[in-house]
Amino acid sequence: MHRIGIAGIGFMGMVHYLTYQQVRGLSVSAIASDEPKRREGDWRGIKGNFGPPGEKMDLSGVERFADAFDMVESDDIDVVDICLPPALHADVAVAALNAGKHVFCEKPIALTADDARRMRKAAEKNNRLLMVGHVLPFFPEYAWALKVIASGEFGKPIGGAFRRVISDPTWLANYWEAEKVGGPMLDLHIHDAHFIRLVFGMPNQVSTIGRTKNGLAQFWHSQFAFSDGAVVEATSGTVDQQGRPFDHGFEIHLEQATLAFQFAVHGKQANYLCAPTLFTNDGKVKHPKLGDGDPMHAFLAELKQVKQCLDAGSVSGPLDATLAVDALKLSEAQTNSLSSGKAVKIK
């Protein structure tokens with residue numbers, strides 16, 4: 001049994017807590033929150049854009065801490081699950097790794113590539129696992145795309161376009177502060193940066209245009225150029241109108257097929273604008289069956305992967321911290337291109 005300590009009980013901390021109940025071999029032994037009510041189990045004030053609402057939780061048998069740095073020293077946990085604001089990821093992760101704990105950290109891995117590298121060094125030094133929770137590859141549409149690409153049936157990826165746009169999340173504190181959350185580049189688009197890196201490898205150049213808010217990228221278009229000639233586009237950011245809170249999708253071009261889908265929420269209606277579709281060279285149009293699309297299922301698949309990594313003693317697949325560091329580097333390069341008005345080389 002791997003004993004988990006969750007650092008940070010907000011929306012994501014609650015999602016992880018609920019999901020751990022469904023994974024045999026993982027058990028939440030401790031939580032850390034600086035809010036007394038949440039340490040007492042009153043999670044009714046927690047809300048997010050999917051999943052169940054917060055409610056009163058029975059935390060009997062769960063050790064509770066006011067400070068995450070105290071929790072990581074506990075002898076009663078083996079793994080620290082970090083669901084804190086991004087500005088705290090690096091320091092808590094390094095403290096946990098130095099205390100001999102494995103770490104599963106929500107995305108983004110950190111707010112700067114330097115902090116991310118510091119986390120990786122601590123993992124290597126202490127021979128501990130550092131896993132990063134980029135959940136997007138576990139969502140059914142993206143998992144389907146990865147499966148088709150990995151099969152090689154339709155050749156290699158040669159280009160594509162990605163989209164991820166939300167209404168300004170006014171319910172999130174400090175969203176537009178670079179030192180605390182980092183805005184939509186690091187909270188939103190980094191999902192697609194990670195997936196692009198996973199599918200296409202690392203580009204050698206990026207060009208970005210768009211608009212800013214509080215000195216942060218607000219809405220933008222990027223073009224990633226790869227050494228093999230592939231070009232990938234990405235559109236992301238926020239709009240002020242609250243009537244369309246979410247819109248995402250992709251079109252991935254393979255040598256002999258195209259994968260496409262787009263999903264959006266309009267008001268209270270959630271619908272596919274383009275259901276997941278495979279277009280083949282012989283003119284066929286195929287629609288895979290992917291289940292009900294409940295986001296909670298993606299987190300369940302992700303945490304099952306965490307258990308597999310812990311059991312194996314090594315990290316593989318989407319949880320690999322190398323991918324998370326590269327996604328952060330891509331996000332930084334886009335920000336630099338947006339601010340300078342010039343293409344940025346990626347080293």
Side-chain angles (χ1 to χ4, degrees), residues 3-23 26-72 77 79-89 92-93 96 103-108 111 132-136 138-139 166-177 180-184 186-188 190-191 238 242 245-246 248 265 268 270 292-303 306:
R3 301 168 299 171
I4 312 294
I6 302 176
I9 300 297
F11 173 60
M12 197 51 60
M14 181 181 74
V15 167
H16 284 195
Y17 176 85
L18 294 172
T19 307
Y20 279 123
Q21 317 307 314
Q22 304 176 60
V23 184
L26 299 180
S27 175
V28 177
S29 297
I31 64 167
S33 174
D34 60 3
E35 297 189 32
K37 281 188 176 181
R38 294 187 182 177
R39 293 198 301 274
E40 295 166 4
D42 187 352
W43 295 3
R44 290 174 295 181
I46 298 175
K47 62 179 181 178
N49 54 2
F50 66 85
E55 58 184 41
K56 284 193 172 183
M57 299 289 183
D58 179 4
L59 298 179
S60 56
V62 177
E63 196 172 4
R64 285 160 267 180
F65 296 84
D67 191 317
F69 291 99
D70 291 334
M71 186 188 74
V72 304
I77 60 174
V79 184
V80 175
D81 178 332
I82 300 175
C83 294
L84 295 162
L88 300 174
H89 286 187
V92 173
V103 167
F104 173 55
C105 181
E106 257 301 319
K107 65 83 196 168
L111 287 181
V132 183
H134 278 275
V135 73
L136 193 66
F138 298 95
F139 274 73
I166 62 173
S167 58
D168 190 345
T170 55
W171 51 277
L172 281 178
N174 309 311
Y175 191 77
W176 293 102
E177 295 184 38
K180 294 183 178 180
V181 176
L186 296 186
D187 181 69
L188 181 70
I190 200 163
H191 281 296
T238 68
Q242 297 294 313
F246 187 68
H248 79 156
V265 179
K268 295 183 179 180
D292 63 10
D294 184 346
M296 294 296 286
H297 295 163
F299 285 93
L300 178 58
E302 181 183 54
L303 292 188
V306 167

Subject >> Side-chain touch Pro184/Tyr175, heavy atoms, less than 4.5 angstrom >> reply: yes
Original post:
Can you name the residues that form a salt bridge (Lys or Arg N to Asp or Glu O under 4.0 Å) with Arg3, not counting sequence neighbours?
Top reply: Asp78
Original post:
Are the side chains of Pro169 and Thr238 in touch, meaning some heavy atoms are under 4.5 Å apart?
Top reply: yes
Subject >> Sub-4.5 Å side-chain heavy-atom contact between Leu300 and Met296 >> reply: no
**OP:** Considering only NZ, NE, NH1 and NH2 on the basic side and carboxylate oxygens on the acidic side, decide whether Asp187 and Lys107 come within less than 4.0 Å.
**Re:** yes
Original post:
Do the non-hydrogen side-chain atoms of Pro85 and Lys180 ever get within less than 4.5 Å of each other?
Top reply: no
Original post:
What pair of heavy atoms forms the shortest contact from Pro108 to Ile190, and how long is it?
Top reply: CB-CD1, 3.7 Å
**OP:** Would you confirm whether the ring centroid of His16 sits within less than 6.0 angstrom of the ring centroid of Phe104?
**Re:** yes
Original post:
Can you check whether Ile31 reaches Phe65 side chain to side chain, under 4.5 Å on heavy atoms?
Top reply: no
Subject >> Tyr20 vs Asp81, side chain to side chain contact (heavy atoms under 4.5 Å, CB included): CA-CA, chis, key distance, verdict >> reply: CA-CA 11 Å; Tyr20 279 123; Asp81 178 332; 2.6 Å; yes
Original post:
So, His89 side chain and Ile82 main chain: donor-acceptor pair closer than 3.5 Å or not?
Top reply: no
**OP:** Just do the side chain to side chain contact (heavy atoms under 4.5 Å, CB included) check on Met57 and Tyr17 with the steps written out, would you?
**Re:** CA-CA 10 Å; Met57 299 289 183; Tyr17 176 85; 4.3 Å; yes
**OP:** Indicate whether any N or O donor in one side chain lies under 3.5 Å from an N or O acceptor in the other, for Asp58 and Ser60.
**Re:** yes
**OP:** Please round to the nearest 0.5 Å and tell me the distance separating atom NZ of Lys56 and atom CG of Asp42.
**Re:** 5.5 Å
**OP:** Give the intermediate values and the outcome of side chain to side chain contact (heavy atoms under 4.5 Å, CB included) for residues Asp294 and Phe299.
**Re:** CA-CA 10 Å; Asp294 184 346; Phe299 285 93; over 6 Å; no
Original post:
CD1 of Ile46 to NZ of Lys37: how many Å apart, nearest 0.5 Å?
Top reply: 12.0 Å
Original post:
Hey, which of Thr19, Ile4, Val15 is the one that makes side-chain contact (heavy atoms from CB on, under 4.5 Å) with Leu303?
Top reply: Thr19
Original post:
Roughly how far, to the nearest 0.5 Å, is the CD1 atom of Ile6 from the CE atom of Met14?
Top reply: 11.0 Å
Original post:
Measuring from Leu188:CG to His248:NE2, what's the distance to the nearest 0.5 Å?
Top reply: 10.5 Å
Original post:
Do Met71 and Val80 come close enough that some side-chain heavy atom pair is under 4.5 Å?
Top reply: yes
Original post:
Between Ile77 and Ala30, what is the shortest heavy-atom contact and its length?
Top reply: CG2-CB, 3.9 Å
Original post:
Under 3.5 Å, side chain of Gln21 to main-chain N/O of Val28, donor-acceptor pair present?
Top reply: no
Subject >> Worked verdict on Asp67 versus Asp34 for side chain to side chain contact (heavy atoms under 4.5 Å, CB included) >> reply: CA-CA 6 Å; Asp67 191 317; Asp34 60 3; over 6 Å; no
Subject >> Interatomic spacing from CZ in Arg38 to CH2 in Trp43 - rounded to 0.5 Å >> reply: 9.5 Å
Original post:
Val181 versus Leu172: any side-chain heavy-atom pair under 4.5 Å?
Top reply: no
Original post:
Atom OG of Ser33 and atom CG of Leu84: how far apart are they, to the nearest 0.5 Å?
Top reply: 9.0 Å
Subject >> Taking every non-hydrogen atom, the tightest pair across Ala68 and Ala32 >> reply: CA-CB, 3.8 Å
Subject >> Residue pair Arg44 / Glu55: nearest heavy atoms and the distance that separates them >> reply: CG-CA, 3.7 Å
Subject >> Minimum heavy-atom distance between Met12 and Glu106, given as atom pair plus value >> reply: CG-CG, 3.4 Å
